[in-house]
Amino acid sequence: MSFNIAIDGPAGAGKSSVAKNAARELGFIYVDTGAMYRTIALYLLREGIDPQDERMLAKALGEIDVRISYEGGVQHMLLNGEDVSDLIRTPEISDAASRTSAIPAVRKRLLDLQRTLASQEDVLMDGRDIGTMILPDADLKIFLTASVAERARRRYLEMKNKGQECILEEIRKEIEERDYRDIHREISPLHKAEDAVLLDTSDMDKEMVVKRIVSLARERMNGEKANV
Ligand code: DC
C-alpha cells in the first residue's frame, strides 16, 4: 500500500516549493496537480477554445494527452509529448487555469490520472481538492495557508528575483480574485478537509514549514507501522 500525503491551500501559500522539498526528504514522489490544470489551459489557449463551449471542450479533451515525467526527481509536464513545464508558468496561464479548473469535464479528466498515480507510489500531492475529493483517505492531510498580504509579498519577490516586471498591488488583486474563484466554484471548491492539519505559514520560513510537514509525515508513518 502506498502512503499518500495531501497538501491543499490557496494560490501563493508556498505549497509547491515546500511540498517539493518535503517530498525529497521523505523519498516520495511530488505531484503538482496545478501543473496539470495549467497544461490543459495552455492547450485550450493555443487552440483558441473557450472552455465554456462544451462540445469543443469535449473534443479537445479527447485530443489532449497529459503526462508527468520525472527527471532527477523534478516533475515535467508533457502535453502531447511536448515538455511545457516552463510555458505554463505565466500570469496568463495562471488566470486561464483558474477558469479552466472550474469546469467539471476537466476535473473529471484529471481525477483518474491523480488517483492512479497515488495508488502506485508514495506521493505528496498538492492542489486544492486533494484531501477533500481526490484522496479522501490520504494518510496525512495538510491545509497550507498564509495571509493575502504575505502571499502577495512572496510572489512579488519571486517575480522580481526572476527579473520580471510586477506591481505588488496588482499581484495582491490577482491573488484575491483567484482565491474567490477557487473558493466559490461549484465543483470541488477549495476548503480545508475536516481531518486536515492547518498550517498558517504567514510567520514561518520555508525550512520551518518543510520540517513540520516531514515530522508530521514521520509521526503518521510510525503510527501506522505501530498499528499493523
Ligand atoms: O496551484 P496552481 O496555481 O498551479 O494551480 C493553477 C490553478 O488550478 C488554480 O487556479 C487552481 C486550480 N487547481 C485546482 O482547481 N485543483 C487542483 N487540485 C490544483 C489546481
Side-chain angles (χ1 to χ4, degrees), residues 4-20 22-23 29-45 51 57 61 64 66 68 74-77 79 84-118 123-136 138 141-146 148 151-152 154-156 158-159 162 164 166 171-193 196 201 209:
N4 293 161
I5 303 174
I7 301 190
D8 292 299
K15 289 189 305 291
S16 55
S17 59
V18 298
K20 232 178 264 172
I29 293 207
Y30 166 57
V31 182
D32 170 2
T33 61
M36 299 177 179
Y37 288 97
R38 287 170 180 270
T39 301
I40 292 187
L42 174 68
Y43 182 89
L44 299 178
L45 264 186
L57 176 68
L61 290 177
I64 302 177
V66 179
I68 298 190
V74 178
Q75 173 180 297
H76 285 258
M77 289 312 304
L79 171 59
V84 294
S85 313
D86 293 333
L87 296 177
I88 57 174
R89 301 289 160 198
T90 66
E92 192 189 11
I93 297 289
S94 297
D95 188 63
S98 162
R99 293 169 199 281
T100 307
S101 64
I103 313 271
V106 174
R107 302 204 73 84
K108 191 163 170 286
R109 169 68 192 276
L110 291 179
L111 181 136
D112 287 340
L113 179 59
Q114 292 163 1
R115 283 194 180 152
T116 304
L117 274 167
V123 295
L124 192 158
M125 191 174 280
D126 91 24
R128 302 293 190 284
D129 62 339
I130 310 305
T132 50
M133 176 73 194
I134 305 294
L135 307 175
K141 298 180 189 177
I142 292 169
F143 193 82
L144 203 71
T145 189
V148 173
R151 287 188 279 139
R154 290 179 191 168
R155 183 86 5 134
Y156 174 82
E158 196 181 300
M159 289 176 76
K162 284 189 196 157
Q164 293 170 341
C166 54
I171 296 178
R172 186 193 166 101
K173 247 182 71 200
E174 276 164 23
I175 286 185
E176 277 173 342
E177 280 169 17
R178 279 222 279 157
D179 277 2
Y180 188 88
R181 272 205 300 269
D182 292 349
I183 292 167
H184 291 91
R185 69 180 175 218
E186 254 171 54
I187 181 164
S188 296
L190 169 69
H191 70 91
K192 178 184 161 300
T201 70
V209 183

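Order of appearance sets the numbers: ligands from 1, and atoms from 1 within every ligand.
Counting only non-hydrogen atoms, the option in Met125, Arg128, Gln114 that gets closest to atom 9 (C) of ligand 1 is Arg128. Nearest residue to atom 7 (C) of ligand 1 from Ala97, Gly12, Gly9, Ala11 is Ala97 (criterion: closest heavy atom).
Lys141 places a side-chain N or O within 3.5 Å of a backbone atom of Gly131 that can act as its donor or acceptor partner.
Given atom 12 (C) of ligand 1, the protein heavy atom at minimum distance is Ser101 OG, 3.4 Å.
Inclusion of Asp126 in the set of residues having an N or O under 3.5 Å from an N or O of ligand 1 is not warranted. When only interatomic distances are considered, the shortest N/O to N/O separation between Lys15 and ligand 1 does not fall below 3.5 Å.
Among residues at least two apart or in separate chains, salt bridge (charged side-chain N to carboxylate O under 4.0 Å, His left out) pairs with a member in residues 100-116 are Arg107-Asp129.
In summary, Asp182 and Arg128 engage in a salt bridge, as defined by a charged side-chain N under 4.0 Å from a carboxylate O.
Under 4.0 Å from ligand 1, the heavy atoms of Asp182 that appear belong solely to its side chain. Using a 4.0 Å cut-off between heavy atoms, Arg178 contacts ligand 1 through its side chain alone, with no backbone atom that close. Using a 4.0 Å cut-off between heavy atoms, Arg38 contacts ligand 1 through its side chain alone, with no backbone atom that close. Contacts between Arg185 and ligand 1 below 4.0 angstrom, taking non-hydrogen atoms only, involve the side chain exclusively.
Close contacts of ligand 1 with Ser98, meaning ligand atoms under 4.0 Å from a residue heavy atom, involve 10 (O). Near Gly127, with a cut-off below 4.0 Å to any heavy atom, the atoms of ligand 1 are 17 (C), 18 (N), 19 (C).
Atom CD1 of Ile5 is separated from atom CG of Leu135 by 11.0 Å, given to the nearest 0.5 angstrom.
A search for side chain to side chain donor-acceptor pair (under 3.5 Å) contacts involving Ser94 returns Arg38, not counting sequence neighbours.
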